[in-house]
Amino acid sequence: SDAGHWSLLSNNFPVLAKLTEAPEDAPPPASKDEAQEFSYQIGQLALVNWQFDVRDDMPETSVNLQAREFNLTFRNLAAPDKVQSPFEFSTRFGRKGQVQLDGTASLADQSLKMKGQLKNIALNTFAPYVSEQANLVLQNGTLNFTTQVSIAPAQEGHKVRFGGNLGISRFHLLDGIHREDLVKWDSLQLARINGQTAPMELSIESITLSDYFAKVLIDEEARLNLAEVFRKEGSPAGAGDAAADSSATVTTTEKEAEPATPRPVVRIDTVTLQGGQVDFTDRNLPRAFHADMQELGGRISGLNSDPAARAEVDLRGSLRGQSPLSVSGFVNPLAEKLFLDLKLSFRDIDLSPMSPYSGNYVGYLIEKGKLNLSLEYKVEDNQLKATNEVFLDQFTFGQSVESEQATSLPVKLAVALLKDSNGEIHLDIPVYGNLDDPQFSIAGVVWTIIKNLLVKAATSPFALLGAMLGGGEEDFSSIHFDYGSARLSPVEQDKLQRMSQALLDRPGLDVEVSGFVDPDNDPEGYRMEQLSTEIRRLKYLDLVEEGALPEELREDDVKVSAEEYADYLWQVYREKDFPKPRNFIGMTKKLPESEMEKLIYANTEVDEEVLGKLARERALAVQNFLSEEGQLPKERIFLKEPDITAAPDKETTTRARVELGASVQ
């Protein structure tokens with residue numbers, strides 16, 4: 001009944017209920033010493049062509065179990081003598097199901113040897129029990145099972161040995177919440193099953209799954225179907241908590257005293273998958289996303305709980321019937337500690353169907369692009385070492401999309417930085433961690449790396465570019481100058497040359513050049529630089545007049561010796577228009593070098609206009625070098641007018657610099 005009582009023991013059957021009660025005038029039971037061991041022997045006991053109808057009203061939907069042509073025969077039943085009693089049992093179950101059992105049993109020691117066969121058992125007969133425990137609807141499925149079982153007395157209890165073959169065909173399980181397919185297959189076969197208890201051992205020669213389907217769904221409310229189907233409302237709650245509380249009261253001493261239960265020994269020789277399909281749908285997006293993996297098949301050989309065992313994996317398939325997927329390597333998921341050494345390859349995955357995700361979380365649709373992934377994951381002693389090689393080919397964002405969840409990070413700039421002249425993006429994302437650490441998450445590590453990449457693109461794109469070119473800590477985001485100078489040093493020229501090549505390989509990037517000065521150090525540096533420039537110019541003019549100027553020698557490259565310096569310094573000093581010490585006849589008095597330098601510096605005015613001109617000259621020096629020496633088109637180089645005295649975000653050895661930015665064309 002729905003209250004959980006057997007109808008045979010209800011008030012409708014008072015005679016049967018009375019049989020369980022002792023009569024009032026019944027003599028007291030005999031003592032143990034007076035009791036005699038009951039013995040019996042029955043030549044044959046038979047139930048022939050019976051029919052049983054059992055209805056269980058406890059589930060929300062009643063379960064009707066029907067057994068027709070129920071036949072049970074026991075021969076040579078006896079006790080307490082240890083006699084082997086042959087038996088046969090057969091019945092028709094449901095519409096097409098058949099059950100046949102035969103063997104021998106001994107009631108004295110409860111031993112058993114039996115072989116049996118279950119044919120065409122309709123699993124949906126038990127669907128209400130499944131729905132009672134989970135949000136699942138068992139729509140269809142047929143069980144066929146052949147088995148051999150033996151039960152023999154052992155030192156502690158009984159030892160059970162079993163073997164056989166099991167098959168479930170035309171299996172169909174629905175998601176009870178969304179009423180959509182969850183899992184189905186045409187055929188699942190477990191061949192040559194052998195096992196025993198005490199200790200637990202199980203071996204299966206082969207498992208074969210054919211023409212199977214599984215669906216992973218995220219619905220409009222962001223619920224994952226695989227999680228929700230097992231979250232049944234109204235199911236008994238608190239039982240697990242109570243058990244946990246009860247177990248928590250066991251003392252440490254008692255736990256330590258309990259003998260360790262040996263781990264089951266499990267061996268599965270081969271697992272074969274054929275004709276599989278996994279469907280993924282995400283409806284928790286403004287535009288629903290759908291993808292399916294097809295033709296999933298392959299083989300896993302040598303699964304074993306032995307820690308030294310290594311199962312070989314070779315699985316293949318395709319995404320949307322176009323992009324090949326493969327998994328190969330070795331695993332041992334049955335050992336106490338997981339071992340895994342797998343290579344996963346995903347090639348030519350078209351990214352434009354991913355637009356629902358990119359639009360929602362990035363703010364742009366994907367115009368085109370293909371993704372190739374080469375993943376290597378190794379787990380040993382709970383330590384993970386993984387490499388994730390990502391290759392994006394011709395990845396291009398399309399039109400922008402309004403989305404409140406879209407990131408504010410410059411994803412288009414990051415793509416332009418990462419993409420080379422062939423339109424390719426190559427990323428290598430390593431992952432290391434301890435699987436025992438509850439804070440460790442592979443997805444979390446990978447996302448953190450990608451997020452840091454985007455932040456770096458936003459805050460310091462040319463520092464990111466330098467790192468991508470193998471420069472380690474080299475930062476392309478600023479070019480440094482000597483105080484007061486707008487001349488590029490050989491070191492900075494080399495940096496700009498390498499950066500120019502990187503920019504030529506990234507045609508989607510423009511360069512923004514901003515000149516700065518250091519108000520504390522640049523004025524004095526400017527005075528020294530101006531004096532040095534005037535001295536070099538005098539020598540340069542002398543070389544021109546003498547006809548001794550080497551070919552292609554520039555004024556900035558002229559070298560002045562120490563002996564020449566004093567003479568040229570005197571010429572500069574003498575021509576300067578400011579009050580100078582004079583001799584007794586009124587002529588400009590020649591002073592020591594240091595004194596003449598001091599007076600020249602003191603009378604060289606450096607105001608905001610001069611510093612502004614210096615900042616612009618520095619920016620022009622970088623622009624000209626990039627366009628002339630670096631061959632970068634001038635239309636890709638933009639000069640900006642910033643606050644020329646602004647300090648850098650991170651203090652450097654000098655604020656005499658040009659700061660570089662990047663923007664997307």
Side-chain angles (χ1 to χ4, degrees), residues 86-90 93 96-105 111-123 126 140-152 154 157-173 183-212 214 262-276 296-316 327-336 338-339:
F87 68 89
E88 296 174 355
F89 169 74
S90 65
F93 182 81
K96 297 182 179 180
Q98 297 180 43
V99 180
Q100 291 181 323
L101 306 173
D102 64 81
T104 59
S111 62
L112 171 74
K113 286 186 178 180
M114 177 189 74
K115 62 180 180 179
Q117 185 176 39
L118 282 70
K119 295 175 61 178
N120 299 322
I121 304 298
L123 295 179
F126 308 97
N140 199 9
T142 302
L143 171 68
N144 288 277
F145 185 34
T146 60
T147 184
Q148 305 87 38
V149 179
S150 69
I151 303 175
H158 287 70
K159 188 164 190 171
V160 180
R161 296 180 184 273
F162 56 90
N165 300 283
L166 182 147
I168 299 176
S169 58
R170 296 181 295 281
F171 183 79
H172 191 180
L173 188 65
V183 177
K184 60 183 180 180
W185 63 71
D186 182 66
S187 173
L188 171 65
Q189 299 292 329
L190 281 69
R192 298 192 181 179
I193 304 167
N194 283 288
Q196 67 174 38
T197 62
M200 182 64 190
E201 294 182 7
L202 175 66
S203 69
I204 303 174
E205 184 176 278
S206 67
I207 299 176
T208 305
L209 181 62
S210 302
D211 297 326
Y212 59 96
R263 288 179 57 81
V265 176
V266 181
R267 190 189 81 243
I268 304 173
D269 292 342
T270 59
V271 177
T272 302
L273 305 175
Q274 178 269 323
L296 290 174
R299 174 173 165 157
I300 304 173
S301 307
L303 286 167
N304 198 310
S305 57
D306 181 352
R310 300 289 182 262
E312 185 175 1
V313 178
D314 189 346
L315 303 175
R316 302 165 193 271
V327 181
S328 62
F330 300 90
V331 297
N332 190 347
L334 302 179
E336 186 172 4
L338 171 69
F339 174 85

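Checked against side chain to side chain donor-acceptor pair (under 3.5 Å), Thr104 has the following partners two or more places apart in sequence or in another chain: Gln84. Residues that satisfy the ring pair (Phe, Tyr, Trp, His ring centres under 6.0 Å) test with Phe339, not counting sequence neighbours, are absent from this structure. Shown here are the salt bridge (charged side-chain N to carboxylate O under 4.0 Å, His left out) partners of Arg310, two or more places apart in sequence or in another chain: there are none. Here Thr147 pairs with Phe145, Val149 under the side-chain contact (heavy atoms from CB on, under 4.5 Å) rule; sequence neighbours left out. Pro264 meets the side-chain contact (heavy atoms from CB on, under 4.5 Å) test with Met200, Val266; sequence neighbours excluded. With sequence neighbours left out, the salt bridge (charged side-chain N to carboxylate O under 4.0 Å, His left out) criterion links Asp314 to Arg316. Looking at residues two or more places apart in sequence or on another chain, you find no side chain to side chain donor-acceptor pair (under 3.5 Å) involving Asn304. By the ring pair (Phe, Tyr, Trp, His ring centres under 6.0 Å) test, Tyr212 is found to be paired with no residue, residues two or more places apart in sequence or in another chain being considered. Partners of Thr146 by side chain to side chain donor-acceptor pair (under 3.5 Å), not counting sequence neighbours: none found. Legend: residues meeting side chain to side chain donor-acceptor pair (under 3.5 Å) with Ser111, ordered by chain and number and at least two apart, are Asp109.
Taken to the nearest 0.5 Å, the CD1 atom of Ile121 stands 12.0 Å off from the CD1 atom of Ile168. Here the CG atom belonging to Asp211 is positioned 12.5 Å from the CG atom belonging to Leu188, to the nearest 0.5 angstrom. Interatomic distance, Ile204 CD1 to Asp269 CG, rounded to the nearest 0.5 Å: 9.5 Å. Atom CD1 in Ile300 sits 11.0 Å away from atom CD in Glu312 (nearest 0.5 Å). Rounded to the nearest 0.5 angstrom, Leu202 CG and Arg267 CZ are separated by 9.0 Å. The NZ atom of Lys159 lies 9.5 Å from the OG atom of Ser150; values are rounded to the nearest 0.5 Å.
Taking each heavy atom of Gln148 and Gly164 in turn, the nearest pair found is OE1-N, 4.0 Å. Residues Ser90 and Gln100 share a closest heavy-atom pair of CB-CG, 4.2 Å. The minimum heavy-atom distance linking Ala105 with Leu112 is given by the pair CB-CD1, 3.9 Å. For the pair Asp102 and Glu88, the tightest heavy-atom approach, listed with the atom from each and the gap, is CB-CG, 4.1 Å. Thr270 and Ser301 get closest at one heavy-atom pair: CG2-OG, 4.2 Å. Here the closest non-hydrogen pair linking Asn332 and Pro307 is ND2-O, 3.7 Å.
At most 12 heavy atoms of other shown residues, nucleotides or ligands fall within 6.0 angstrom of atom CZ in Arg170. At most 12 non-hydrogen atoms from other residues, nucleotides or ligands lie less than 6.0 angstrom from NZ of Lys119.
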With side-chain contact (heavy atoms from CB on, under 4.5 Å) as the test, would you mind laying out the steps for Leu296 and Leu273 before giving the verdict?
CA-CA 7 Å; Leu296 290 174; Leu273 305 175; over 6 Å; no
Please evaluate residues Asn120 and Asn144 with respect to the criterion side-chain contact (heavy atoms from CB on, under 4.5 Å), reporting the C-alpha separation (whole Å), side-chain torsions for both, the decisive distance (0.1 Å), and the verdict.
CA-CA 6 Å; Asn120 299 322; Asn144 288 277; 3.9 Å; yes
Apply the test side-chain contact (heavy atoms from CB on, under 4.5 Å) to residues Gln117 and Val99: give CA-CA distance (whole Å), side-chain angles for both, the deciding distance (0.1 Å), then the verdict.
CA-CA 6 Å; Gln117 185 176 39; Val99 180; over 6 Å; no
As a quick check of understanding, evaluate side-chain contact (heavy atoms from CB on, under 4.5 Å) for Asp306 and Val265, giving each step before the final call.
CA-CA 8 Å; Asp306 181 352; Val265 176; over 6 Å; no
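Sorted by first then second residue, the side-chain hydrogen bond (donor to acceptor under 3.5 Å, both in side chains) pairs that include residues 193-208, not counting sequence neighbours, are Arg161-Gln196, Arg192-Glu205. Under the ring pair (Phe, Tyr, Trp, His ring centres under 6.0 Å) criterion, the residue pairs touching residues 183-206 are Phe171-Trp185, with sequence neighbours excluded.
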